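What follows is a short report on a single structure.
It should be emphasised that the depicted structure is a prediction, and the values quoted were computed from it without experimental measurement. Lettering of chains follows the sequences in order, A, B, ..., and the numbering in each one begins at 1.
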Amino acid sequence: MAAKRPADRPRPTLLILLVAALTLLTLQFRGLQPLDAFQQGVRDIIEPVRSLSDRLTDPVQTAWNGVFGFEALRMENERLEVELARMRGNALTSEADTELLNRLLSEVDIAYSDFDAVVVRILGQPPGNFSAHMIEVDKGTDDGLEEGMAVVSGAGLVGRLEQVDRSRSLVQLATHPDFRVGVRLVTSQDEGLARGTGTEGILRIESGVRLDAQVDNDEVLVTSGGRSVFPSDIPVGRVVDPDPDADYRRSIIVGLAADLENLSFLKVVLPARKSEGGP
Amino acid sequence: MSSRLRVVAVLLTALVAQATLLTEIRIQGATVELMMIIAILAGFHGGPERGALVAFFAGLLQDSLVSVPLGLHALVFPPLAVAVSSLEQRMVRSAPVADAVALLLAAAAGICTVAAVGLLFGLSPYDPGTFLTRIITAAVMTTSIAAPVNRAVRWAVLGGLPPDIKLRAVGS
């Protein structure tokens, strides 16, 4: 146990350390680049050790899941078989719809959105307890990723890249309370701003949609594009509660289409290439 | 090996352990706060000044590892170390159970304070629905690894120094 030594000067030392920490925080919020570079440097230095650890612990995790998650896996497999049969039926309908859509688009001379994307593997939650609604993926600036890029799964929007290191990135999930995305209701064509609620699988639209707009349950939402960092027409989810009786401010609850449960891979949408001769 | 080198070795080892093995071990989404327990134990063994210095650098490393602004943990850890040191000096005698409970409370208080300071700076670190569960789980997990960390921190901050001898006057 420690006895107080005569040389101990706890108050001045503590004061200096607190001022130093507050100064660092202030400089970071003012966007001082060397501080970001320092943090990124520390993460890059320990990155090889983390990759090695991931490789070593992967078999252990797989064995653990195999032993303790077998029953859940079997039920999931049965559910997916039913889903697959349903999707095969839907695929036939989609083919017909797509052909019709392409014909209509060519008539009005609109190019259908076609995204370039980088496939990334989900590594899990980032270190620490400050990581609710964040996940870590295995690619970074070395693969052309940048902060703010949209992250999608086969079902739709998952989130955006929040922090990009050389070979790892953090994805802020759409359910994160700080997440914002411009959305368009497919049927009514009303646009609004959806934000994460901190609750798994739920977004909320609190601005943009008119009080008298006709919004139905199960109506599909897509990203609105425009000035948003997200490309347009990425599926976001379906309306769960349209809040038709709102008097002053409408709060529409949206169920997110993408479900991260049991997913291993995601796609990061790269920005559309500038047309030749463009600015 | 000098005390400073020992502290650096312990902090870097802890950083790697936090970034690798401990990140994989999660219960209800919560994980061990290794750097925080080092800060607490540095205050316990090293006294207020040395404890605060070790805690500050532990906080800086933690800030670099997790996705928070640099200085957030470094702001919280030194006062935590000084508070633990101050309480330790006021304790008449030490018992393992009492030490464990004190450690649990200190870890829970530290995590709460980090969350509160994070909120002040506009971060949303936790789900309101799972906030309490996550703090308790993280504090219990952190306390559960205290024994080996305690030895390492004691070695780092006190290595080479003679054990303290407390003198108390009879009848006082």
Side-chain angles (χ1 to χ4, degrees), chain A residues 1-5 7-14 16-18 20-29 32 35-36 38-43 46-47 49-50 52-54 56-57 60-61 124-134 136 162-163 170 172 175-178 196 198-200, chain B residues 15-16 18-24 26 29-31 33 43-53 55-56 59-72 74-75 78-79 82 85-86 88-89 94 111 114 118 121 123-130 134-135 138 157-158 164 166:
Chain A
M1 274 193 252
K4 190 169 178 177
R5 287 177 291 278
D8 268 359
R9 299 179 303 276
R11 280 187 191 158
T13 307
L14 184 60
I16 290 167
L17 294 176
L18 291 181
L22 279 170
T23 307
L24 285 172
L25 272 170
T26 311
L27 291 174
Q28 178 103 24
F29 276 100
L32 191 73
L35 294 182
D36 285 335
F38 170 77
Q39 284 184 297
Q40 194 171 339
V42 172
R43 287 193 297 269
I46 59 171
E47 160 57 26
V49 188
R50 295 190 68 193
L52 181 68
S53 163
D54 284 344
L56 291 175
T57 54
V60 180
Q61 277 185 330
Q125 276 191 295
N129 284 304
F130 254 88
S131 52
H133 306 288
M134 306 273 265
E136 203 169 25
E162 168 75 4
Q163 178 184 292
L170 283 187
Q172 184 186 59
T175 48
H176 194 288
D178 293 339
T199 307
E200 205 167 309
Chain B
L15 180 75
V16 171
Q18 177 85 70
T20 54
L21 189 64
L22 296 177
T23 298
E24 305 290 339
R26 284 183 183 274
T31 186
E33 290 277 358
F44 188 83
H45 291 296
E49 189 178 9
R50 193 185 291 187
L53 279 167
F56 179 76
L60 280 186
L61 289 175
Q62 175 83 347
D63 288 329
S64 302
L65 186 64
V66 301
S67 52
V68 296
L70 194 68
L72 184 65
L75 185 65
V82 171
S85 173
S86 174
E88 186 270 330
Q89 284 168 359
S94 174
I111 299 168
V114 170
F121 282 94
L123 303 173
S124 321
Y126 296 106
D127 285 343
T130 60
R134 190 172 276 214
I135 283 176
V157 298
L158 285 183
D164 299 318
K166 287 189 175 176

- Message: Below 4.5 Å, heavy-atom pairs only: which of B/Arg26, B/Gln18, B/Gln62 has the largest tally toward chain A?
- Response: B/Arg26
- Item | A/Asn129 to B/Ala30 - nearest heavy-atom pair and separation | OD1-CA, 3.3 Å
- Distance col, row B/Leu70:CG vs A/Asp36:CG, nearest 0.5 angstrom, shows 9.0 Å
- How many angstroms lie between CD in B/Glu24 and CG in A/Asp54, if you round to the nearest 0.5 Å? 5.5 Å
- Query: So what's closer than 4.5 Å to chain B heavy atoms on A/Leu170: side chain, backbone, both or neither?
  - Reply: side chain
- Please assess A/Leu56 against B/Thr20 for the test side chain to side chain contact (heavy atoms under 4.5 Å, CB included), listing each intermediate value before the final yes or no. CA-CA 10 Å; A/Leu56 291 175; B/Thr20 54; over 6 Å; no
- Selection from A/Pro126, A/Gly128, A/Ala20 maximising heavy-atom pairs under 4.5 Å formed with chain B: A/Gly128
- Task: To the nearest 0.5 Å, tell me how far B/Leu75 CG sits from A/Leu22 CG.
- Result: 5.0 Å
- Query: Roughly how far, to the nearest 0.5 Å, is the CG atom of B/Leu65 from the CD1 atom of A/Ile46?
  - Reply: 5.0 Å
- Does any heavy atom of chain B fall under 4.5 Å from the side chain of A/Val49, the backbone, both, or neither of them? both
- Message: With a 4.5 angstrom heavy-atom cut-off, is it the side chain or the backbone of B/Val68 that approaches chain A, or both, or neither?
- Response: both
- Query: What's the shortest heavy-atom distance between A/Ala21 and B/Gly71, and which atoms?
  - Reply: CB-O, 3.7 Å
- Message: Please rank A/Gln163, A/Gln125, A/Met134 by heavy-atom pairs under 4.5 Å with chain B and give me the top one.
- Response: A/Gln125
- Message: For the CD atom of A/Gln28 and the CG atom of B/Asp63, what is their distance to the nearest 0.5 Å?
- Response: 8.5 Å
- Examine whether an atom of A/Gln39 lies under 4.5 Å from a heavy atom of chain B, and if so say whether it belongs to the side chain, the backbone or both; otherwise answer neither. both
